[in-house]
Amino acid sequence: ACSAFSQKSCDECLKNVSCLWCYTNNTCIDYPVRSILPPSSLCSLSNARWGVCWINFEALIIAMAVVAGLILLNSGSLAIKLLFPPLMLSFTHFSSRLDEEEEQLARKREERRLQSLQRKHERKLKHDEIRKKYGLLQDSDNPYSRFENE
């Protein structure tokens, strides 16, 4: 029985996994298996030790909850990846489709720029022809020709 280890040490009490050590009154008691957590009337969680003496029951519960939460989060994301591969494929398909659309837009933008340059060149040629017709075009060989008054 766990009560035989009372007034001894925590280590001796916890060698038996069915025992709970309470630092409040240095007693070794049977773990209350009917309830998940020992009631505070038996021993407060901050003073109760189970399994190891160096960590109190309260910190042990918190640590186990954090570890269980991390395992659930990791297994949940893994389950989503395994159970819904079409969903993951649609994301990759969506991003590749965006890349294709972006490339198309860039190509169209470049085409428009080239067309604009071509139209600009055609306008310049047309304006030069008009200037030549009316004698307004300067000689390209001698841009500093003398202006003569009549």
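Along the sequence shown, the residues carry numbers beginning at 1.
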Quiz item: Where do Thr24 and Asn47 land on the side chain to side chain donor-acceptor pair (under 3.5 Å) test, with the steps shown first?
Solution: CA-CA 6 Å; Thr24 308; Asn47 289 320; 3.1 Å; yes
Quiz item: At their closest point, which heavy atom of Leu37 faces which heavy atom of Ile61, and how far apart are they?
Solution: CD2-CD1, 3.0 Å
Exercise. Answer yes or no: is there a side-chain heavy-atom contact under 4.5 Å between Asp30 and Cys2?
Key: yes
Exercise. Mind listing the closest non-hydrogen atom pair of Pro39 and Ser35 along with its distance?
Key: CD-OG, 4.0 Å
Quiz item: When hydrophobic residues are tied together by side-chain contacts of less than 4.5 Å, even through go-betweens, does Leu45 share a cluster with Trp54?
Solution: yes
Quiz item: Just wondering, do Leu42 and Pro32 contact through their side chains at under 4.5 Å, heavy atoms?
Solution: yes
Quiz prompt | Asn26 vs Trp21, side-chain contact (heavy atoms from CB on, under 4.5 Å): CA-CA, chis, key distance, verdict | solution = CA-CA 7 Å; Asn26 290 335; Trp21 180 260; 3.8 Å; yes
Practice problem: First locate atom NZ of Lys108, then atom CD of Gln115, and finally report the distance between them rounded to the nearest 0.5 Å. | Solution: 12.0 Å
Quiz item: How many angstroms lie between OG1 in Thr27 and CD1 in Ile29, if you round to the nearest 0.5 Å?
Solution: 5.0 Å
Self-check item: Same cluster (ILVMFWY, side-chain, under 4.5 Å), Val52 and Met64
Solution: yes
Quiz item: How long is the span from the CD1 atom in Ile130 to the NZ atom in Lys132, to the nearest 0.5 Å?
Solution: 13.0 Å
Quiz prompt | Single-linkage hydrophobic cluster Leu60~Tyr23, side-chain heavy atoms < 4.5 angstrom | solution = no
Quiz item: Out of curiosity, Leu20 CG to Leu14 CG, how far, rounded to the nearest 0.5 Å?
Solution: 7.5 Å
Practice problem: Give the intermediate values and the outcome of side chain to side chain donor-acceptor pair (under 3.5 Å) for residues Ser9 and Asp11. | Solution: CA-CA 5 Å; Ser9 72; Asp11 290 323; 5.2 Å; no
Quiz item: Taking atom CD of Glu122 as the centre, does the number of heavy atoms from other residues, nucleotides or ligands within less than 6.0 Å exceed 12?
Solution: yes
Exercise. Given side-chain contact (heavy atoms from CB on, under 4.5 Å), test Gln104 with Glu100 step by step and report yes or no.
Key: CA-CA 6 Å; Gln104 277 182 341; Glu100 290 173 8; 5.8 Å; no
Exercise. Enter the distance from Ser44:OG to Asn56:CG here, rounded to the nearest 0.5 Å.
Key: 8.5 Å
Self-check item: Cysteines Cys19 and Cys13 with SG distance under 2.5 Å
Solution: no
Quiz prompt | Check: Trp50 side chain, Tyr31 main-chain N or O, donor-acceptor pair, under 3.5 Å | solution = no
Quiz item: Under the disulfide (SG to SG under 2.5 Å) criterion, do Cys10 and Cys53 qualify, and how do the steps go?
Solution: CA-CA 6 Å; Cys10 176; Cys53 292; 2.0 Å; yes
Self-check item: Cys22 and Cys28: CA distance, side-chain angles, deciding distance, disulfide (SG to SG under 2.5 Å) verdict
Solution: CA-CA 6 Å; Cys22 186; Cys28 187; over 6 Å; no
Quiz item: Is a salt bridge present between Glu110 and Arg113, judged by a nitrogen-to-oxygen distance below 4.0 Å?
Solution: yes
Exercise. Starting at CZ of Arg123, measure out to CG of Leu125 and round the result to the nearest 0.5 Å.
Key: 11.0 Å
Self-check item: Worked verdict on Phe57 versus Arg49 for side-chain contact (heavy atoms from CB on, under 4.5 Å)
Solution: CA-CA 5 Å; Phe57 204 83; Arg49 305 292 192 266; over 6 Å; no
